[in-house]
Structures are given as structure tokens and as C-alpha cells.
There are 2 protein chains.
Amino acid sequence: MSAGRTARERARAEVTREIKDEARRQLATDGAGLSLRAVARSLGMVSSALYRYFPSRDDLLTALIIDAYDALGDAVEKADPGGAPIERWRAVCAAARGWALAHRHEYALIYGSPIPGYQAPQDTVGPAARVPLVLIDIAHAADVPDSPLPDVLREQVVGVLATLPIAPPPGAGARVLIAWTQVFGMISFELFGQLVGSADPADAFFGYAVDRMAAIIGLPGAEWPTP
Amino acid sequence: MSAGRTARERARAEVTREIKDEARRQLATDGAGLSLRAVARSLGMVSSALYRYFPSRDDLLTALIIDAYDALGDAVEKADPGGAPIERWRAVCAAARGWALAHRHEYALIYGSPIPGYQAPQDTVGPAARVPLVLIDIAHAADVPDSPLPDVLREQVVGVLATLPIAPPPGAGARVLIAWTQVFGMISFELFGQLVGSADPADAFFGYAVDRMAAIIGLPGAEWPTP
DNA sequence: TCGCTGTCAAGAGCACTGCTCTCGAATTTG
DNA sequence: CAAATTCGAGAGCAGTGCTCTTGACAGCGA
């Protein structure tokens, strides 16, 4: 990004990037067990030197998590074609699943079980909100109707929507919330092996469910078949 | 269960149980970082002695995973009141969430991201199938109608249903699959902190979504409101 | 240009981990 | 009773995250 002025700063940014890249690489190959020493070794430096760039293993993890949220956000936003809401919905869901399948360990980092001794800092909520934001924008653009909600849920949804620049009706927000948890529930099930023996590979099931969710949200063009 | 005949066998079963209990306890308190040495230390034995009972850390993990699946299965089956399908559905979903909230680390063990170097053996699929089996039984008992499916998905669903003693129509099976991934997607989101700032606490949202899913499955008494 | 200051890589070391091996002691079996 | 099996304890290996100290280098003002 911004080329630091002094040579030191540029070198520092470069090394920081190399560390994260190597950590990502090890995450992808050696399973999810991220070892500081292994990363340092593979970079030709000694482990203690790495602490100049990341004060602890958790900080490296946090950096990777934020990068992962942003990468997923980028992929989803780039895949949004605009235009017909139902097409946007399908494209965005497929992009989310595609990114998850291509970066399963990074996906596990952000949507899997929390790391043992790790507590996600506040810095992650911004990047984490990018995907749901796109989903809400689709519902908003489709001018989807309201629907009755239990009071407690209605208050919670209204509270969240109040922080956004766009404001679909609360019922639509709740239905998007259902669709959102559905989509990522399916992706997690597929990636974490819960679907082996049933709907695995899950392409057909995913597409089918995505269309059902479009109907739940109320996107025009998505009709619920017969029953 | 079966009291082994010899004193040795009884002692062995006893110690094995104590190890698993202590491991569960540490899982619940110290986060998810399970340490063989810590378990052994807390039991007043030396770490190497533990290997007489579990040949590796992964085997201990496997035992805990199977136990967790069975505990969840027990909780869900016990909560099934029989009678009206919609009531069964609500009770079973609430029981699954209740168990997950009360045993979050054990839940993470079975529905979270896979353990780094760990590969789940075949022994887990039986206990893992207990919950979805109950869900399918509810749809079957409700005599829920079929619905059109894409060919690939239809084949996969038919393949799974063929292995079961009961056989609801394929469309119903697919809709149960949606509901299943939805329910556990929500539980995972709630437990893994993805819902903080939106629908957390998730009681209201969970109940709302469970009723929506009942409507999708087609359980009588569950109507989709207005839109 | 010299010298100061802050940054960096390297190494040793601590406490911890999973796991293996060996060695006596206890217990079950023949 | 003797032989065979099982078990707990201890030492030890290779690995981990992390801290501290040491010495080298770069950038700055004088």
C-alpha cells in the first residue's frame, strides 16, 4: 500500500507481509496448527526475531483473521453483479462458498470454533460485517416487505439496522439473518465434514438452499415450489 | 455398565472413565486446549501412565467426541415429547441448543473446526447421526409432502434415505437437511460469537427461526406469516 | 564527518507439550 | 507356585510460545 518514507519502514512492512504470507501458507498446508518457530524457520530467521513484528502468537492470529475477513469481504463484494436482486443473491452466496472452499483454513479461522486461549479483539468487527452488509443491501434494493416479529427480536433487529446507512424493514432484517446463518451454516457443515455421506459434494444442495433462502427473504423471482 | 469380571478390568474401566471426566472438566474450564500431562497431573498420575489407557492424544479426543455426540443424542431424544410434530420439532431444537449452551466446548469439539492434525474415525458417524435421525422421524411422522428437487440433490437424498428404516419423500428429506443446517448454523454462530452485536442473546431469534424452519419442512400448525 | 539513539537479528534459556523407552512391581493366568 | 501379562514411574527427546541479553546496523542531529 503506502510506501513508507524511510528504508526502515519499508523493510518493516515488507517483512511483516512476508510473515503473514508464510503463516497463511503453513495454515493451508500443515493443517491449522500455526507455529511461530516454524514460520520463522521457513523465513530463515530465528523465532525471537519474529516478536519484533508481532508481540505474540495471538497478534499474528488476529492479523490473519482480519485479513481473512477482508479477503472474504473483497471476494463477495467483487462478485456482486448489481442488477436483479435474485441474481445478486445467488452470485454473492456462491462467492462466499467459493472463497471458503478455496481458503478452508482461513475460513475455519474466522467461522470455526474460537482458538483455545484466544479472544477476538474489537478490530475484527468491522471487516466481519462486510458480508452481512452486502446481504442486507440486496434485501434493501429489492424493496422487500416487512413481516411480523416477536418483540424482543424486533428490538434487536431495529437496534442493528439503526447503525446502518440503509434501513430495510425489521422483518426483512430478521429474514436476512436467517438466510445468513443458513448460508454459513451450510458452508461450515460442508467444510467441517458434517455432510459426508449425505449431501457431499454440496453444490446441488447449496444452490437449492440458496434459492429457498431467496424465497424466504422475499426476493422477486424466487418462488417457493409447490408444497 | 458391565462390571468387568476381574479386579483389573474393573479398575481399568474406572480409570478410563476418570480420565475422560477430568479431560472434560479441563475442556470446560481451561478453554479448549486439552493437555494430556495436565490431565494426568490432576489425577495424581504421571503422564506416561495415561498412555496405557489412550494410545495417543487423538484417541482421547476421539473418545470425548463420541461421548459428546452420544450426550447430545441422549439430550435430544429425551426431550422429544412425541405427539404433535410441531411441538416435537420445537422441543428437539430447544434441547439441541440447550445442550450446546451447557457444554459449549464439547459442542465445539463436534461441530467446530476440525482439530489441527486430527482425522475423525468412522466410529463417530453412528452417534453423529442420532440428531438428524430424530429430525427426519418428525418429518416422517407428520407425513409431510414431497417437493421438486434438482436431480443431483434428489439422488443424494434418496441415497441417504435408503439406508434408513423410515422413508419420507425426498423433497421432505432435503427440506429437513435445510432445517438441520439452519439450526446448527445458528447454534454455532451464537456459541462462536458471530452474533454479538446483533441477535445476542439469541433466544428470540432462535425460536423465530425454528418456527420458520417448521414451516419450510411443512409441519402442520406452522404457517409462514404474511409475505 | 562523528557520535548518539533507536531498531533489529541472534542466541540462550524457561516452562510447557506429546510421545517413547526402560525398569521394577503388582496381578492375572497356566 | 511359576510364568506371563499389565501397570505406574521416571528419564529423555523433540517440539512449542515466550523472555532476556548481547552485539550489529541504520538514521538522525551536531
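Letters go in sequence order (proteins before strands), and every chain restarts at 1.
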Within the sub-3.5 Å range, which N or O atoms of nucleotides 13-17 of chain D have a protein N or O partner, and how far apart are they?
residue	atom	partner	partner atom	Å
D:dT16	OP1	A:S35	OG	2.9
D:dT16	OP2	A:R41	NH2	2.7
D:dG17	OP1	A:L34	O	3.3
D:dG17	OP1	A:L36	N	2.5
D:dG17	OP2	A:L36	N	3.1
D:dG17	OP2	A:R37	N	3.0
D:dG17	N7	A:R37	NH1	2.4
D:dG17	O6	A:R37	NH1	2.9

Dump the pairs, protein N or O against N or O of nucleotides 27-30 of chain C, anything under 3.5 Å, distances to one decimal.
residue	atom	partner	partner atom	Å
C:dT27	O4'	B:R8	NH2	3.4
C:dT28	OP1	B:R8	N	3.2

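Checked by atom type and distance alone, the side chain of B:R90 never pairs as donor or acceptor with a backbone atom of B:A214 at under 3.5 Å.
Here B:Y53 lies in heavy-atom contact (under 4.0 Å) with sugar-phosphate atoms only.
Ring planes of A:Y107 and A:F184: parallel class, angle under 30° (limits at 30 and 60°). Ring-plane geometry between B:H103 and B:W99 is classed as parallel, the angle between the planes falling under 30 degrees on a 0 to 90 degree scale with a further cut at 60.
Regarding A:F54, its CZ atom lies at a distance of 13 Å from the P atom of C:dC8, rounded to whole Å. We find that CG of B:D58 is positioned 17 Å from P of C:dT17, with the value rounded to whole Å. In this structure, the CG atom of B:L60 is 15 Å from the C1' atom of C:dT17, given to the nearest Å. One atom, CG of A:L50, and another, P of C:dG11, lie 15 Å apart when rounded to the nearest Å.
In this structure the side chain of B:L101 reaches within 4.5 angstrom of the side chain of B:E190, judged on heavy atoms. The shortest distance between side-chain heavy atoms of B:C93 and B:F206 falls below 4.5 Å. At a threshold of 4.5 Å between non-hydrogen side-chain atoms, the residues B:I110 and B:E106 do not count as touching.
For A:R52, counting side-chain heavy atoms from C-beta on, the closest listed nucleotide (D:dA9, D:dT19, C:dA9) is C:dA9. Listed nucleotides C:dC8, C:dA10, D:dA9 differ in distance to A:M45; the shortest reach to its side chain belongs to C:dA10.
A side-chain donor-acceptor contact under 3.5 Å links B:T181 and A:Q182. In this structure, a donor-acceptor pair under 3.5 Å is absent between the side chains of B:T62 and B:D59.
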